[in-house]
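Let me begin by presenting the structure, written as structure tokens, before commenting on it.
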Amino acid sequence: MTLSSNRVEINLAALQANFQAILQRVGPEAQVLAMVKSDAYGHGLVPVALAIERAGGTYFGVAEVDEGIALRQAGLAGGIVVFLGSDCYDEIIYYNLSPVVFDLDNLAGLSAAAEKKNIRVGVHLKVDVGMGRLGIMPGQMALFLRTIKTLPGVYLAGVLGHFSSADNITETAATKKQLQQFSDLVQKKDICAEGLLDKDDAPLLHIANSAAIINYPDTFFQLVRPGLALYGYHPAGRGQEWPFPLKAVMSFKTRVVQVKEVPAGYGVSYGHTFITKRATTLAVLPVGYADGYMRGLTGRAEVLIRGKRAPICGRICMNACLADVTDIAGVSPGDEVVLLGSQPWEDSSGSEQTISADEIAGWMETISYEVLCLFGSSNDRIYLNE
Ligand SMILES: *Cc1c(COP(=O)(O)O)cnc(C)c1O
């Protein structure tokens, strides 16, 4: 429970519908690994993962071992792939996590620790096929596969790559090249001849993120790794074509705390960067940059009150900001304010206004991913609709 007027609402039904839409999209050949890293992009690690598991989810991806431990402690049964924690041997073993590997010393350490417990840990080998970030270089592939084969405490559960530019549908050359390199690598003659990627014991191949799931259906292999699409957004931002329907999962709301009339020529908020041009009705909102509503939104953002857009005016403070509601009749203290999400028209015409994370990202000069992480991690969250 929270007494704050500010709340982030997470629509679990929308999340589960998005997961189902992605399952449909990738078809029966491929499985879905739900990326729930970074507190599920601000939506809440445990409730999101459990909701996806109830909707049929079997694989989950986290950045850190701590996140994997939290999921196990919450009772998650599915496979958990940890992208950045291959040196936490004891935790990986105890909590039955599958690390992404890219380092021979870590592999040896993990294998030794697993042997002591008489188990084998499934590892996912990450190859840099052009992303230019984490992962072994393609030339090291055979060495790593041979090493994994000889280490008694580990086995190869997956081989993965990551795309750098799959959100770009006008410049497809980089993605096609990266896909080609990944396909070539896992079919390479010497690797197959040595039995390093045996058919019977075949590792899961995976490379597709949300952008590739949307734009490149030939990248699905045995597993896909959607993040942003689960939360209802398109990696390339606003106005994109969707090959399947998705819904935004997060809303951010507050309430009006005070409504006041000020005359023309009145300076508003710190520094008086905004001076009223007319007699103005201001709504004071109890939300500011401490709640993730960044100061950089000053002079740009709009919010929804009574189903209409109201501009934020004057500097956004730590815990407060002001909306100009002169053109919206009847605004009163206690009225709901939507900072992110939809609000129906008060006249019940059935239509509704929406402010998306993409629109806010435009005002903040960033991407929807960052808006979701920021709002979600700065506020109390409420889970709806399951
Ligand atoms: C975050 C991440 C994803 C998911 O990316 P989206 O663009 O959110 O779909 C997939 N794979 C890896 C390795 C990631 O780090």
Side-chain angles (χ1 to χ4, degrees), residues 15 18-19 21-23 25-26 30-45 48-49 52 57 59-65 67-68 79-86 97-102 123-136 157-169 174-175 178-179 182 203-217 219-238 240 242-244 246 248-250 357-358 361 366-374 376-377:
L15 173 79
N18 294 343
F19 176 73
I22 294 167
L23 282 183
R25 168 72 173 168
V26 301
Q31 302 189 69
V32 175
L33 181 152
M35 292 304 292
V36 292
K37 65 186 178 195
S38 303
D39 211 10
Y41 293 40
H43 295 65
L45 173 68
V48 162
I52 292 174
Y59 284 98
F60 299 85
V62 293
E64 311 215 26
V65 165
E67 298 172 302
I80 300 175
V81 178
V82 179
F83 284 76
L84 296 166
S86 58
L97 309 174
S98 305
V100 166
V101 294
F102 40 82
V123 298
H124 292 250
L125 178 61
K126 186 151 194 185
V127 196
D128 180 1
V129 289
M131 168 72 190
R133 198 173 67 178
L134 192 67
I136 63 167
V159 176
L160 69 148
H162 193 42
F163 288 123
S164 63
S165 319
D167 55 327
N168 192 331
I169 48 169
T175 303
Q178 289 164 23
L179 174 63
F182 187 69
L204 294 167
L205 305 178
H206 48 115
I207 189 165
N209 53 6
S210 297
I213 294 167
I214 294 164
N215 296 326
Y216 297 93
T219 61
F220 297 167
F221 295 92
Q222 288 92 48
L223 191 65
V224 298
R225 303 192 306 266
L228 192 69
L230 286 170
Y231 310 106
Y233 284 94
H234 195 300
R238 294 172 91 175
Q240 303 295 319
W242 284 102
F244 51 98
L246 295 178
V249 174
M250 182 187 290
D358 287 318
T366 181
I367 51 178
S368 60
Y369 295 77
E370 193 176 358
V371 173
L372 298 173
C373 288
L374 186 62
S377 63

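We count ligands from 1, going down the list as the structure has it; atoms in each ligand are counted the same way. Hydrogens, waters and symmetry mates play no part in the numbers below; they use all other heavy atoms, side chains included.
- Aromatic ring orientation, Phe163 versus Tyr216: tilted (interplanar angle from 30° to 60°).
- Within 4.0 Å of ligand 1, protein heavy atoms belong to Met35, Lys37, Tyr41, Phe83, Lys126, Arg133, His162, Asn209, Ser210, Arg225, Pro226, Gly227, Leu228, Tyr369, listed by chain and number.
- Of the inter-residue distances, the one linking Met250 atom CE with Leu372 atom CG reads 5.0 Å to the nearest 0.5 angstrom.
- Evaluated for a side-chain contact (heavy atoms from CB on, under 4.5 Å) with Phe60, the options Val32, Val48, Leu45, Ile52 yield exactly one hit, Ile52.
- Looking at Leu204 and Phe221, their side chains never come closer than 4.5 Å, going by heavy atoms from C-beta outward.
- One distance of note links OG of Ser86 with CG of Leu125; it measures 11.0 Å at 0.5 Å rounding.
- You'll find the side chain of Lys126 stays beyond 4.5 Å of the side chain of Ile136, heavy atoms only.
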